[in-house]
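A quick write-up on the structure given underneath.
Letters A, B, ... are given to chains in the order of the sequence lines, protein chains preceding strands, and every chain is numbered from 1.
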Amino acid sequence: MNIKTYNPDEIELKWQKNWADAHAFEAKSDKSKPKFFGLIEFPYPSGAGLHVGHPRSNTAMDIISRKRRLEGYNVLFPMGWDAFGLPTENFAIKNKVHPAKVTKKNVDRFRDQLQRIGFSFDWSREVDTTDPNYFKWTQWIFLQLYKHGMAYKSEMPVNWCPSCKCGLANEEVVAGKCERCGAEVIRRVKSQWMLRITKYAQKLLDGLDDVDFIEKVKTQQRNWIGRSEGAEVDFKIADSDMKLRVYTTRPDTLFGATYMVVAPEHATVDALKDRITNWDDVIAYREAAAKKSDFERTELAKDKTGVELKGIRAINPVNGKDIPIFISDYVLVTYGTGAIMAVPAHDTRDWDFATKFGLPIIEVVAGGEDVQKEAYTDVAEGVLVNSGFLNGLSVAEAKKSITQWLTENGVGEKKVNFKLRDWVFSRQRYWGEPIPLVYCEKCGWVPVPEKDLPVLLPDVDNYEPTDSGESPLSKIDFWVNTTCPCCGGAAKRETDTMPQWAGSSWYFLRYADPHCDTDLARWEELAYWLPVDWYNGGMEHTTLHLLYSRFWNLFLYDIGAIPNKEAYKKRTSHGMILGPDNQKMSKSRGNVINPDETIAEIGADAFRLYEMFMGAFDQAIPWSTEGARGCRRFLERVWRLQEMLVEDEGVRKEMEVPVNAMIKKVSDDIERMKFNTAIAAMMAFVNDIYTSGKVTRGELKALMLCLNPVAPHITEEMWESCGFGEPIYTQSWPTYDENKLVADEVEIAVQIKGKVRARIMVPASLTAADGEKLLENETVKKLVGDAVVRKLIFVPGRLLNIVC
RNA sequence: GCUGAUGUGGUGGAACGGCAGACACCGGGGACUUAAAAUCCCUUGCCGUCAGGCGUGCGGGUUCGAGUCCCGCCAUCAGCACCA
């Protein structure tokens, strides 16, 4: 047989065209088949093009999707573009082009790159968040949120990035810096649209119990939502009718509260202004605290500062003692009630503060060391002391008892708090979805009627951000000025746009029915395709996109807009690909690997193979150009199997175990995302064939089917040139025979007291009870010698351990 | 500080409590070549001439048997970080 040399360029382009012409990977409308919806995060089409990180997640889900198709599923594996966003806008401003043009160019480039890697996306369902037919529904969802009281405008301090000239969500601030540009974030009071995600805190938490997310994703979301159970307690202000309410998770320690602390901005401080004798100090402290950025506030965390509010005292409701009140920025106005009771004996921060200010430390939970030297915070052990009717109780019992007491006496109650904050949803930017509301002097905020959606962006030349913090849209009079849908009078459009997270918060729903113009997607399509069966993506989105989109999905379910409660059934995560120097890839380090160049050198199949073989899928791995070449070498070896092909449709007796073992290993490992060991199993199989000197058609077919999801082009080409029949994408996933996974004879290790002394061949049929028989084996006899066998452990197929 | 993860050859990494280092990369040797590349074969944890010994971050423990389980440390990475 005359075999051509392996030419990936040629065969890869050939098959990519074949698949496209045959619509091979389009999801079928046939709903009688079981469905599989595989999803990966749609990319932001940046000007830089794809990097080698993208294909890791894509290839993994492509492999799973291709396997599912062979297993008989109706598969939806879509791709789209999360195309609104700052870099495009900045590039457009700098180069004086419209962001829509930049987006189109970038999208085309991304699409070409993805197609060149041979992903089996259903391109007929491509979505683009900047397409008016798409963002019409993003705006529609916003209106539903608004109508259900889930969107509100609020005058509040926001995280402001002075470089992007834009407000940021809490989730977008990393260590006090802007997630995108790295500039120091400052606080700025602005009127912003907010989404009431806090109302869904409990549902977002509960939903995690019903889904199959990898544990670290669940943990991170739980921590971010930050539920805590405790109580609110009222402390009377002495000689007045006023009360100061605190939140505590340790109501059991109420007898140990020796002072109170309120956040500097707390309203009660102003209400008591006339009675505070050191008001100047209070003002000075407040101003100093306000000037600190969030970053400084955390940096100085260990060093507690504060000012006592002189002239006023609070009364501890449980024992009537009067105690001093301080302001300090270690208490946050945004959490709980913005005020705390301080129990220095059992809280580290209170202890630090009390020590610095010479305040009394009273032990109320016994069991620790000296509380004058260190706070005792253990809640599991420890017994209440110095606490009146709580004495002798455990912490858990005391919590229950005191909470009941507080409720009965009308001075407090049980309370659940969350760390989760509402979502700042306004951006003062041009390249985003306009918020579909107008402001009318007479009617207030009025939603744009749904029939008038989408609200399009005005087509103008100038959309630079303003220094005043207003959106660039605010300068475009013809767009801003409109009529009130309610009274018909003059009104102005909202000029803020939505954050980039808006479009990505529901895109998975759109894939079910991407061309629908009557709904965000038709009910029956959603009912069939959703939820997403398997969603793979980056850990960096755990508390951003993944949480936001779960929130939108839960909300849409609650208002009856969609049939599914949780968005994603299963979530997994891939590790990052690092540069060859083991550092995060970045332009400035100069360690970025370009996928186009790699594919030009070794081909898309080898590229895909290496992306999956390089290491454990969920761990960060440095790129190795040599390793990638090794994968090309493997494919060359596979290609040359054609020269060794013999006319035999079956599997040779001696190859039965290798073939069945490979099929089992590959089948199982793909499901566990252990792609590296699945590939290793195929390599081992190819090595076995080379050792045997030839390959039958039956053996080669098995290999082609197993390898196809990872290296689809070369396998289709070989399948065709060997005359194996219709293309692989129309075939079925191979099955294995349980009875043919082990040979008749197996090698086991012989150990004496746990140390390996020899290896012998024994029949595979031996069971654990047959250990005695092995003492008759010549090798074993020699090892044991005259010694008395005291114990014998035989693990069939593995080892014989003799204790003597 | 809290939460989670990780620690195995020169490198990436394999190992249901059962033969540590599968599968690769790099390196070494050989074959084929006028030569090189490609390819094929052998070799490749460390120490030792052999016998053998030592080896999975460190120290203990459980077990016939521990990379794996338990206790106590150390280091690295990621996320959160004054959340009462």
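- Residue A/Gly226 is out of contact with every strand shown, counting any heavy-atom pair closer than 4.0 Å.
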Using residues 764-774 of chain A as the side-chain source, report each donor-acceptor pair under 3.5 Å to any protein atom, sequence neighbours left out, with the distance given to one decimal.
residue  : atom : partner  : partner atom : Å
A/Thr767 : OG1  : A/Asp770 : OD2          : 3.4
A/Asp770 : OD1  : A/Lys773 : NZ           : 3.1
A/Asp770 : OD2  : A/Thr767 : N            : 2.7

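- Salt bridge A/Glu636/A/Arg629: absent, no basic N to carboxylate O contact under 4.0 Å.
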Expected rows: protein N/O vs nucleotides 63-69 of chain B N/O, under 3.5 Å:
residue : atom : partner  : partner atom : Å
B/C64   : O2   : A/Asn801 : ND2          : 2.3

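- The existence of a salt bridge linking A/Asp209 and A/Arg222 is confirmed by a sub-4.0 Å separation between a basic side-chain nitrogen and an acidic carboxylate oxygen.
- With pairs defined as Watson-Crick or G-U wobble and both atom distances under 3.5 Å, the stems of at least three pairs that touch RNA chain B come out as B:1-7 with B:74-80, B:10-12 with B:23-25, B:27-31 with B:39-43, B:45-47 with B:52-54, B:57-61 with B:69-73.
- For A/Lys304 against B/C82, a side-chain-to-base donor-acceptor contact under 3.5 Å is present.
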Under 3.5 Å, which protein N or O atoms sit close to an N or O of nucleotides 10-14 of chain B? Give each pair with its distance.
residue : atom : partner  : partner atom : Å
B/G12   : O2'  : A/Met614 : O            : 2.4
B/G13   : O3'  : A/Asn676 : ND2          : 3.4
B/A14   : OP1  : A/Asn676 : ND2          : 3.1

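- Under 3.5 Å, the side chains of A/His545 and A/Glu41 contain no donor-acceptor pair of N or O atoms.
- Aromatic ring orientation, A/Tyr6 versus A/Trp639: tilted (interplanar angle from 30° to 60°).
- Within the structure, salt bridge (Lys or Arg N to Asp or Glu O under 4.0 Å) pairs that include any residue of residues 673-694 of chain A do not occur (at least two apart or interchain).
- Nearest nucleotide to the side chain of A/Thr249, out of B/C82, B/A84, B/C23: B/A84.
- Between A/Asp668 and A/Lys664, at least one side-chain nitrogen of the basic residue sits less than 4.0 Å from a carboxylate oxygen of the acidic one, meeting the salt-bridge criterion.
- B/G30 takes the anti form, because its glycosidic angle lies more than 90° either side of 0.
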Subject >> Under 4.0 Å protein heavy-atom contacts per nucleotide of nucleotides 39-47 of chain B, with B for base, S for backbone only and - for none >> reply: SS-------
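- There is no side-chain donor-acceptor pair under 3.5 Å between A/Thr598 and A/Tyr610.
- A salt bridge links A/Glu229 with A/Arg227; the closest basic N to acidic carboxylate O contact falls under 4.0 Å.
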